[in-house]
Each structure stands twice: as C-alpha cells, then as structure tokens.
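Report on the following structure.
It should be emphasised that the depicted structure is a prediction, and the values quoted were computed from it without experimental measurement.
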Amino acid sequence: MISQTKIRPGDGRYLFRGVMVGDGHRGAGTSLRAAQDEAGVPPGIWKGRGLAAVGLKAGDVVTERQAELLLGEGRHPDADRIERELLAQGKSPARARRATVLGRPIEHNRSPETDKAKERIPWLGMHLVFRPPPTAHIAWALGDYETRRVLELCQDIARDKTLAWMEDAVAQIRWKGGGKQRARVKDGLIVAVFRHYESRAAESKPLLHDHALVSIRARRPDDQGTWGNLSADSTLAHIVAADTLYILYFMEEVSARLGWAWEPREVTPGHRPVMEIAGIDQRLIGWQSTRRQQIEDALPVLTAKYEERQGHAPGERAAYALACQAADQTRPPKRTELLSLTELRKRWRDSAIRAYGADVVDQLAERARAAAAAVGARVRPVVDIALAAVDVVAVVYVMRGAFKRHHLLAEARRYLSYVLRGRPHQAGLDETIVQTAVDDYTRPASRRMMTADLRALYPRDTEDQAVLRPLTRKRTAPPYERARLAADALAARVHAVRRAERLGSRTRSRTVAVPAASRSRPRPFRTGPKDGRLLEPETGVDTVEQTRRTFEAAAAQVAATLQDSRRAREAAHGPRLQPTPATATPPHTRQPGTQHTPGRATGVT
C-alpha cells in the first residue's frame, strides 16, 4: 500500500536523521553515508524524468546537501556551485541566492504580506511510502537469497511504474490565473527514494518498504521553463488509485518471476480483503505483523469514542483517519542496535523457526508454488468488461454515494487484482472499465461529481432497483459488505438478462412470456440530511434474495416450456435432425463461461 504525508520546512531533522538512514539512530556529527553503512541500509537514489532539468540522472546517489537544498529549502540541488559562480561574476549575494531558488522562495510565505494563512507554511514535497502485502515481507525475510533478490526487484519495478503513471496522468502544475488553472508538467517529477528493511515495532520485524520523497517543484510547460509548484490536491486525490496500481504491478511481477499466485484474505470481517501470496502459512502473518497488532489493540478505543461523539460507526475515510491516529499513538521509539540485513535475516529466521518449526519456514516457497497451481486451476483469468463496470459502479456507489472518476479507477484496479490473481493485464484495461462504467451506468450528481444511474442498471424495473436501496444507508452492516452484496445482485441481473437473450434467440413454436416485476412508480432520489450525498429510500435486505429467486424461477420456466415444445414437435413430426458441429451453436449464441467477481471463483466472458 501507499501512505503519504507532507514535507514542510523544518522537517529536515526527521528526514536526515530518520528516513535517510533507515530506522536506526544517527548520531550527531555522523555523515549520511556513514550512518547508512552503520544501519545496513543502501543509500538513497534519484528517480523521475524531471532530474535532467537540475543536472541529475536516474540512479544517482542522493547526497545530504542535495536533499537539504531541494526538499528543505526548495532550491536547486547544486545551488552552492551556482551561487559561487554568480558571486564570482559580481552578482549580489541576494541575487545570487535568488537565482538558485526553484519557483517562489519560501521566505515569501513567511512574510506578513502573504494573504492566505495556509501559504505561510508551504509544502516542499510529499513523502510516499510503498509497502507490499504482508506475505511478501515474509517470503522476502525467510526465503533464500534468490527469492529475496527477486522480490526486491519486483518492488523496484512496481514502485517505478507507479511513479511513472503519476508523472504521466496525475502530476499537474499551477498555471496562470493565480494558480487556479492546472497544466501538465513540462518534464516530470524529481523523487528521492530510500529503502528500509524493518518495522518500527519494539521487536524488529521484516518490513520491506521504500520512502519516496517527491519534490513539489516542477517546470511549467512554457518556453522559458519557469518553475512552479505541483497541484498537491490533484496528487493527493489520486493516492488510492496509485496504491491499487502499485499492488497490481507488484502482484504481476511476483507471479511472472516466481510463479506464485494470489488470493484475497479478509483482515477485518465485512471490510475490504487484501491480496496475499497463496500458500504461505497464515500464522506467519501474525508473527510478522507485531506493529499491526499494536495498532489494532488501540483502534477499538478510538472507534468507540468516535461512535459516542458522532452517533454512528465511522465511514471509510473516518476509519482511515482513526487508524492513522492509532498508529501515531502507538509509535515506539527507534531501535539503537545497528544490524546488517544478513544479521536481521538470520534473526528473523531463527525467530520464525522457534515459533512455528523449521518445516513451515523451509517449505515456504514450495507450498506457494503448489498453491499457485491450485489457484490457476480454479480461477479463470478472464475479464468481462460489462460485468467489471457493473461491479465497480455498484461498489463505489454503495461506499460513497457520489464519486469522481479516480474513485472508479481505484476500484477497477482492485477488481483486476481479484480476477487476474497476479496474471498480467492488458495496458489500458482499467481505463476501459472506467470509461464503460461512466458511459453506461452513471449520471451527473453535481458539477464535479457523478453517481450510479439505477435506471440504466435496471431499466423500467423499479422493484429490482430496490436491490441497491437497503445498501446505501443501512449502518448495521459494514459498507464493503453491503457493496459486495449489491455488486453480486447486479451481476446476477446481468447473467439473467444474458441467459434470457440466449434462450430468446433460439427458434421455437411460440413465445413464452417471462413474469415481469411490478411497475410501481419509481421513488425519487433524495439527499441525505448530513453529507448531501445522493441516496435512496431504505428497504429490506430480503429484496436481494427475492430478486435472485425471481430471476432463477423465470429462467427455469423458460427452459421447461422450451423442453415441452420440443417434445410436442418430436411427437408430431419425428425427431429433429442434429445440425453439423460447425453450425451447432452460432458464435453469437454460445454460452460463455463464468467470470470471477470479488468473493467468487468464476465469471462470464
């Protein structure tokens, strides 16, 4: 997953004494490279297509002075040399310093003339943390040397592809009109990446993760190449979409290079499952996730206080904020003992063997390969665009009510993770699913928001539209549980319609009418009293099962009637000649296979 925080002036102590030297302790006066060597972590490297504008190359080592200038002061990474040259040319110290500043100096934001209070503490960057799923940490820590190197390579590729997507599709810079307009950046992003190997739990546990420090400075798309600030709101709004893309890429790389597969694991009942490597003993997740257990122990207290204060259970956004608060409250101090990665891996292996035995640790890779074969035989890696669009719209609608395109994009990538289980996806498939959902199953909700178009999902069928109504406001069940129920009900509707169309395309003696649902007058949309989201009146959850039974009964009646018609025709005219195999089932009437949806093993093509 990807988490993010802001980098502001004054955060240098945390960056230089923490992030850049792993989770160890950096003594005063110790150089950055010496502290990294002592902590057993590699030096940071530069990434991003914007490096050429400041004279750097991807893969160059991040020096302390470069990071201090760019991420601490918003200046050119080589500002010292530039300033010396300008002073030698006779420029004034103030002018020489101003020439090294990228964009607006941070001193401007500290001046009394600044109009907006929020600009007085400017952003200088974004701190993104890339963490693979827990079972990947386990395989990386307890596997052999080759497995460790492959998993680190998968982490590198998934992280770099995600950053490249953010450069191409997300990164925007303030442009004209007081910064109210947005435009694509001219070059790209400037990112400093630092790798860590362990968690901050009191007892060190494996946690392969990368800290990406993204500079907010970028060049505008003009002929002068002037510098400005990235649009932070656009970048932060797409963090979840970037997170799901990173996990999707990581899963694909692991499956392609190690032959492993993935399966969903429910961490909290009724909440979104997480994708884990199939076949790895689940007990090892508890052994590795000591830090997670500390957070989970503190979270119920914060949740109870929230419910007492607000009068209802927290939603998705509030639950995330409470989890962050629990993490801050339970954050332990960094360890002072410095160990190399080799020593850490030996310590982790001994700890796992003492807890669960050598057999569990030694056969980890072998069991993962065997489980991958079972997953491959059980799950068909086929994506049905229409079903995917319906699933995505249903889940996002129930979870949010009104939403934007990037919400659909994040859910489409989650859907691909569930369906493909690590197999590669076609480039642009996630965007195709989103565009289908937007075109066919949504309608405007406001100037910037959209919502699900229930009339498109259930045309002229108000009783079936009621399937989604109990799932939008009922708080007795977790939001994702309600969302999955809605998505499954809509998928059943699509299957029933397709089945009826296939049966209706066959030649028969007479037409059989399928019982239609009641045509009661559609209930109008109404606005929730608190958050203004578009909601519908609440009805009983039993409507879902009733609708499914109606579909199944209608299909069974059609099949029985067709069977009776065939028998009557054979009794009057004799058995019908069988068609040749080449024309037995026209392509447009062949029954497709079944397609997996999250929580299901099969689906339709």
### Query
Just by modelled atom types, is the Leu189 backbone N or O under 3.5 Å from a matching donor or acceptor in the Glu167 side chain?
yes
### Message
Before you tell me yes or no, could you show the steps for Arg182 and Asp233 under side chain to side chain contact (heavy atoms under 4.5 Å, CB included), namely the whole-Å CA-CA distance, both residues' side-chain angles and the distance that decides it to 0.1 Å?
### Response
CA-CA 11 Å; Arg182 303 289 187 265; Asp233 53 352; 3.7 Å; yes
### Nearest-0.5 Å distance that lies between atom CD1 in Ile277 and atom CD in Glu263
10.5 Å
#### Entry: For the student: nearest non-hydrogen atoms of Ala389 and Thr436, plus distance
CB-CG2, 3.8 Å
## Note on the structure
Here the gap from Phe250 atom CZ to Gln155 atom CD, rounded to the nearest 0.5 Å, amounts to 6.0 Å
#### Entry: Flag side-chain contact, heavy atom, 4.5 Å: Val170 against Ser234
yes
### Query
Hey, what do you get for CE (Met449) to NZ (Lys404), rounding to the nearest 0.5 Å?
6.0 Å
### Query
Can you find a pair of side-chain heavy atoms, one from Arg184 and one from Gln172, that are under 4.5 Å apart?
yes
### Task
Would you name the heavy atoms of Val240 and Ala410 that are closest together and state the gap between them?
CG1-CB, 3.9 Å
### Task
Evaluate the side-chain proximity of Thr135 to Ile285: yes if any heavy-atom separation is below 4.5 Å, no if none is.
yes
### Query
Roughly how far apart are Leu408 CG and Glu431 CD, rounded to 0.5 Å?
10.5 Å
### Query
What class does the angle between the rings of His196 and His211 fall in, given that below 30° is parallel, 30 to 60° is tilted and above 60° is perpendicular?
tilted
### More than 12 heavy atoms from other groups under 6.0 Å of CZ on Arg309
yes
### Query
Between Pro206 and Trp140, what is the shortest heavy-atom contact and its length?
CB-CZ3, 4.0 Å
### Task
Looking only at non-hydrogen atoms, find the nearest pair between Leu409 and Ala241 and report the distance.
CD2-CB, 4.4 Å
### With Phe130 via ring-ring contact (aromatic ring centres under 6.0 Å, His included) - residues at least two apart
Tyr246
### Message
Could you work out, with side chain to side chain donor-acceptor pair (under 3.5 Å) as the rule, every residue matching Arg159, not counting sequence neighbours?
### Response
Asp156, Asp210
### Task
Report the residues that fulfil side chain to side chain contact (heavy atoms under 4.5 Å, CB included) with Arg423, sequence neighbours left out, ordered by chain and then residue number.
Pro381, Leu420, Arg421
### Query
Does a sphere of radius 6.0 Å around CD in Gln282 hold more than 12 heavy atoms from other residues, nucleotides or ligands, not counting ones at 6.0 Å or beyond?
yes
### Summary
Contacts of Leu245 meeting side chain to side chain contact (heavy atoms under 4.5 Å, CB included) (sequence neighbours excluded), chain-then-number -> Trp165, Tyr249, Arg413
#### Entry: Evaluation steps, salt bridge (Lys or Arg N to Asp or Glu O under 4.0 Å), between Asp391 and Arg484
CA-CA 8 Å; Asp391 188 284; Arg484 280 263 44 91; 2.7 Å; yes
### Query
Quick one: does His407's side chain have a donor or acceptor within less than 3.5 Å of a partner on Val396's backbone?
no
### Query
Taking all atoms of both residues into account, what is the closest heavy-atom pair of Pro479 and Val398, and its distance?
O-CG1, 4.1 Å
### pair Met126-Ile239: side-chain heavy atoms closer than 4.5 Å
no
### Task
Flag the pair Ile433 / Val383 as yes when at least one side-chain heavy-atom distance between them is below 4.5 Å, and no otherwise.
yes
### Query
When rounded to the nearest 0.5 angstrom, what is the spacing between CD1 in Ile280 and CG in Leu364?
4.5 Å
### salt bridge (Lys or Arg N to Asp or Glu O under 4.0 Å) evaluation trace for Glu253 with Lys161
CA-CA 11 Å; Glu253 293 297 328; Lys161 283 185 175 181; 3.6 Å; yes
### Task
Compare all side-chain heavy atoms of Leu151 with those of Leu258 and state whether any distance is below 4.5 angstrom.
yes
### Message
With a 4.5 Å cut-off on side-chain heavy atoms, are Val395 and Tyr480 touching?
### Response
yes
### Query
If you measure from CD1 on Ile247 to CE on Met275, what distance do you get to the nearest 0.5 Å?
10.0 Å
### Task
State which residues pass side chain to side chain contact (heavy atoms under 4.5 Å, CB included) with Ala371; sequence neighbours excluded, sorted by chain then number.
Ala278
### Task
Give a yes or no answer on whether the side chain of Tyr356 reaches the backbone of Arg283 with a donor-acceptor pair at less than 3.5 Å.
yes
#### Entry: Any Val191 side-chain heavy atom under 4.5 Å of Met166 side chain
no
### Message
Given 3.5 Å as the limit, does a donor-acceptor pair link the side chain of His137 with the main chain of Pro132, or not?
### Response
yes
### Task
State which residues pass side chain to side chain donor-acceptor pair (under 3.5 Å) with Trp262; sequence neighbours excluded, sorted by chain then number.
Ser255
### Task
Work out which heavy atom in Cys154 is nearest to a heavy atom in Arg257; give both atom names and the distance.
SG-CD, 3.8 Å
### Query
Between Asp430 and Arg414, does at least one N-O distance fall below 4.0 Å, as a salt bridge requires?
no
